[in-house]
Amino acid sequence: MSDQPFLSDVKTLRERARKHIEEGAVTSGYSADRETVLKVLNEALATELVCVLRYKRHYYMASGFNAQGAQQEFLEHAHEEQQHADQIAERITQLGGEPDFNPDSLTSRSHAEYKEGTSVTEMIKEDLIAERIAIESYREFAEYLGNDDPVTRRMIEAILATEEEHADDLAGLISRMDGT
């Protein structure tokens, strides 16, 4: 154990809190590269928004035998992806950035692609591919953040857990549709 206390004295904490108050939640203890974090968060925002749009399209376009179960998954996932987008946008503003909702550059900033699919099975597979992309990119982002930005890391890890659930749900749908 270190001989130094883990917490600064109260006077020092108060003095540091008064400095740079225009930076809001970002204090001198924030050690991540804020510009990189904001860039990646805006890419994550674009990814989530593209996923919302793709899931919504799949919800409305799914038809035929077995489509109803898939439609419910598509709609549920669309709502959860929208919640992720909202969380990410909020974190961007907390870090002093601006969430980028520009539709003209949305797909170019997204890690996932917008693939429509023509059959319910193709739609599910495209969604599963997108979830797998999100899983990999969020895992790498969480590792990059480490202890430099624990709040963003925990948010990304929570989103990552949901993305893994989505991937599992979609893989189960494929198995049921294939009869395996």
Side-chain angles (χ1 to χ4, degrees), residues 1-2 4 6-8 13 16-17 20 23-56 58 73-103 105-115 123-175:
M1 287 251 281
S2 172
Q4 286 187 287
F6 77 95
L7 185 63
S8 301
L13 285 174
R16 285 193 305 215
H20 309 292
E23 293 187 25
V26 180
T27 66
S28 62
Y30 185 86
S31 57
D33 177 346
R34 188 164 42 161
E35 292 308 311
T36 299
V37 171
L38 289 170
K39 177 186 176 296
V40 176
L41 283 172
N42 266 308
E43 291 171 1
L45 176 61
T47 301
E48 295 297 332
L49 293 171
V50 166
C51 288
V52 169
L53 295 172
R54 190 186 55 257
Y55 274 125
K56 284 288 203 163
H58 291 172
E73 286 294 330
F74 295 154
L75 186 59
E76 179 183 320
H77 292 187
H79 289 140
E80 291 173 343
E81 302 293 359
Q82 181 62 58
Q83 290 172 343
H84 296 163
D86 293 341
Q87 289 175 299
I88 292 167
E90 180 66 29
R91 185 63 182 153
I92 290 168
T93 60
Q94 288 172 348
L95 292 174
E98 297 180 9
D100 187 349
F101 287 94
N102 185 339
S105 62
L106 203 57
T107 55
S108 65
R109 288 181 288 114
S110 171
H111 295 181
E113 298 172 294
Y114 183 89
K115 298 277 188 167
M123 291 175 194
I124 295 168
K125 286 180 180 178
E126 289 302 332
D127 290 332
L128 179 54
I129 291 166
E131 295 293 355
R132 291 172 54 84
I133 291 168
I135 289 166
E136 286 298 318
S137 63
Y138 291 159
R139 184 174 291 122
E140 288 180 18
F141 188 33
E143 288 175 13
Y144 166 79
L145 291 167
N147 290 325
D148 292 337
D149 183 344
V151 173
T152 302
R153 187 192 72 240
R154 283 191 306 270
M155 179 193 70
I156 291 298
E157 288 171 341
I159 293 171
L160 171 61
T162 304
E163 304 298 5
E164 288 178 350
E165 288 173 21
H166 289 177
D168 191 48
D169 293 343
L170 294 167
L173 276 176
I174 292 171
S175 292

The single option from Q82, Q83, H84 passing side chain to side chain donor-acceptor pair (under 3.5 Å) against D86:
Q82
Which distance, rounded to the nearest 0.5 Å, do you find between the CD of E80 and the OG1 of T162?
6.0 Å
Find the distance between CD (E136) and CD (E140) and round it off to the nearest 0.5 Å.
6.5 Å
Return the orientation label for the H77 and H166 ring planes: parallel under 30°, perpendicular over 60°, tilted otherwise.
parallel
Is any side-chain heavy atom of N147 closer than 4.5 Å to a side-chain heavy atom of R153?
yes
Y138 to I156 - nearest heavy-atom pair and separation
O-CG2, 3.4 Å
Hey, does L170 have a side-chain heavy atom less than 4.5 Å from the side chain of M123?
no
So how far is it from D149 CG to Y144 OH, rounded to the nearest 0.5 Å?
9.5 Å
Taking all non-hydrogen atoms of both residues, which atom of A85 and which atom of L49 are closest, and how far apart?
CB-CD2, 3.8 Å
Could you go step by step and tell me if I124 and H58 meet the side-chain contact (heavy atoms from CB on, under 4.5 Å) rule?
CA-CA 8 Å; I124 295 168; H58 291 172; over 6 Å; no
Shortest non-hydrogen separation from E126 to R54 and the atoms involved
O-NE, 4.3 Å
Which heavy-atom pair separates E48 from I88 by the least distance, and what is that distance?
CG-CD1, 3.8 Å
Taking NZ, NE, NH1 and NH2 as the nitrogens, is one of them in D100 or K39 under 4.0 Å from a carboxylate oxygen of the other?
no
Working to the nearest 0.5 Å, report the span between CD1 of I159 and CD of E164.
12.5 Å
Pairwise distance CG(D127) to CD(E81) - rounded to 0.5 angstrom:
9.0 Å
CG of N102: more than 12 outside heavy atoms within 6.0 angstrom?
yes
What are the two closest heavy atoms between R91 and L41, and how far apart are they?
CG-CD1, 4.1 Å
How far apart are the C-alpha atoms of E163 and R139, what are their side-chain angles, what is the distance that settles it, and do they pass the salt bridge (charged side-chain N to carboxylate O under 4.0 Å, His left out) test?
CA-CA 11 Å; E163 304 298 5; R139 184 174 291 122; over 6 Å; no
T93 and P99: which non-hydrogen atoms are nearest, and at how many Å?
CG2-CD, 3.6 Å
What distance separates L53 CG from L106 CG, expressed to the nearest 0.5 Å?
6.5 Å
